[in-house]
Peer 1: 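Encoded as structure tokens, here's the structure I'll be asking about.
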Amino acid sequence: MNSRYALLTRLATDRTDAAAKLMGQAQQRLVQAGQKLAQLEQFLAEYRMQRIQRASTGMSAVQWADYQHFLERIETAVNAQREELVLREAECEATRTRWLAERKKLKAFETLDEQAAQREQAVKARREQKLTDELATRGFRRPR
């Protein structure tokens, strides 16, 4: 790595790694939010089935109202979790965008570093060729 770009590349690497870590955490929160939503939806479906089964065997108006009230609370929780899931999806996209931007900067510094190394190698090769040419020229000039 060219010393002119080593610090910049290292800093860009650190920022890219930090952005990747944040992206991973956001993805984990998204998965957890999805799992919680699935659990709530499953619970809601099961509770609805339970209400239908109990109603078929007979249930008072008060019991029906209690079931209905509880179902409404579960539906509220499901809707809140859906909103949470949307927020987590947006968070994931934002962290992914940031990571891509940081990775792009890192690649740019790596490219600059490679180009500088190629230029230095070309200068070194020209010096070596010049030295070789001078030695060859001196060898032909010497009287024998």
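Note that the numbering runs from 1 along the sequence shown for the chain. No experiment lies behind these values; they were computed from the predicted model shown.
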Peer 1: Starting from Met23, can I reach Leu100 by hopping between I/L/V/M/F/W/Y residues whose side chains sit under 4.5 Å apart?
Peer 2: yes

Peer 1: Quick check against the 3.5 Å criterion: does Thr9 have a side-chain atom that pairs as donor or acceptor with the backbone of Ala6?
Peer 2: no

Peer 1: Linking I/L/V/M/F/W/Y whenever any side-chain heavy atoms sit under 4.5 Å apart, do Phe43 and Val78 land together?
Peer 2: yes

Peer 1: So does Lys105 pair up with Glu110, basic N to acidic O under 4.0 Å?
Peer 2: no

Peer 1: Check whether any side-chain heavy atom of Asp133 lies under 4.5 Å from a side-chain heavy atom of Gln129, and answer yes or no.
Peer 2: yes

Peer 1: Using a 6.0 Å cut-off, check whether atom CZ of Arg15 has over 12 heavy atoms from anything other than its own residue.
Peer 2: yes

Peer 1: For Thr16 and Trp99, work out which heavy atoms get closest and say how close.
Peer 2: O-CD1, 3.6 Å

Peer 1: Could you go step by step and tell me if Val123 and Arg119 meet the side chain to side chain contact (heavy atoms under 4.5 Å, CB included) rule?
Peer 2: CA-CA 6 Å; Val123 167; Arg119 285 191 300 272; 5.6 Å; no

Peer 1: What's the separation between atom CG in Leu22 and atom CG in Asp17, rounded to the nearest 0.5 Å?
Peer 2: 11.0 Å

Peer 1: Kindly write out the residues that satisfy ring-ring contact (aromatic ring centres under 6.0 Å, His included) with Phe109, not counting sequence neighbours, or none if the list is empty.
Peer 2: none

Peer 1: Heavy-atom distance under 4.5 Å between the side chains of Glu41 and Gln81, does that happen here?
Peer 2: no

Peer 1: Once you round to the nearest 0.5 Å, how far does CZ of Arg73 lie from OH of Tyr47?
Peer 2: 10.0 Å

Peer 1: Please round to the nearest 0.5 Å and tell me the distance separating atom CD of Glu89 and atom CD of Glu84.
Peer 2: 11.0 Å

Peer 1: Do Arg51 and Gln63 pass the side chain to side chain contact (heavy atoms under 4.5 Å, CB included) test, and can you show the C-alpha distance, the side-chain angles, and the key distance before you say yes or no?
Peer 2: CA-CA 9 Å; Arg51 181 184 66 173; Gln63 289 174 325; over 6 Å; no

Peer 1: Is Leu85 reachable from Ile74 through a run of hydrophobic residues whose side-chain heavy atoms are each under 4.5 Å from the next?
Peer 2: yes

Peer 1: Do we see a donor-acceptor contact under 3.5 Å between the side chains of Arg88 and Gln27?
Peer 2: no

Peer 1: Among side-chain atoms of Glu46 and Gln50, is any donor-acceptor pair under 3.5 angstrom?
Peer 2: no

Peer 1: Under the side-chain contact (heavy atoms from CB on, under 4.5 Å) test, which residues partner Gln28, sequence neighbours left out?
Peer 2: Gln32

Peer 1: Can you sort out the partners of Glu83 under salt bridge (Lys or Arg N to Asp or Glu O under 4.0 Å), two or more places apart, ordered by chain and number?
Peer 2: none

Peer 1: Please check if Leu40 and Leu30 belong to a single hydrophobic cluster, counting links between Ile, Leu, Val, Met, Phe, Trp and Tyr side chain heavy atoms closer than 4.5 Å.
Peer 2: yes

Peer 1: For a side chain to side chain contact (heavy atoms under 4.5 Å, CB included) check, start with the C-alpha distance between Met59 and Tyr67, then their side-chain angles and the critical distance, and finish with the verdict.
Peer 2: CA-CA 10 Å; Met59 147 185 317; Tyr67 266 92; 3.8 Å; yes

Peer 1: Side chain to side chain contact (heavy atoms under 4.5 Å, CB included) between Arg126 and Lys130: does it pass, once the steps are laid out?
Peer 2: CA-CA 6 Å; Arg126 283 193 297 271; Lys130 183 177 178 181; over 6 Å; no

Peer 1: Within this structure, what is the CH2-NE2 distance for the pair Trp64 and His69, rounded to the nearest 0.5 Å?
Peer 2: 15.5 Å

Peer 1: So how far is it from Leu37 CG to Gln35 CD, rounded to the nearest 0.5 Å?
Peer 2: 11.0 Å

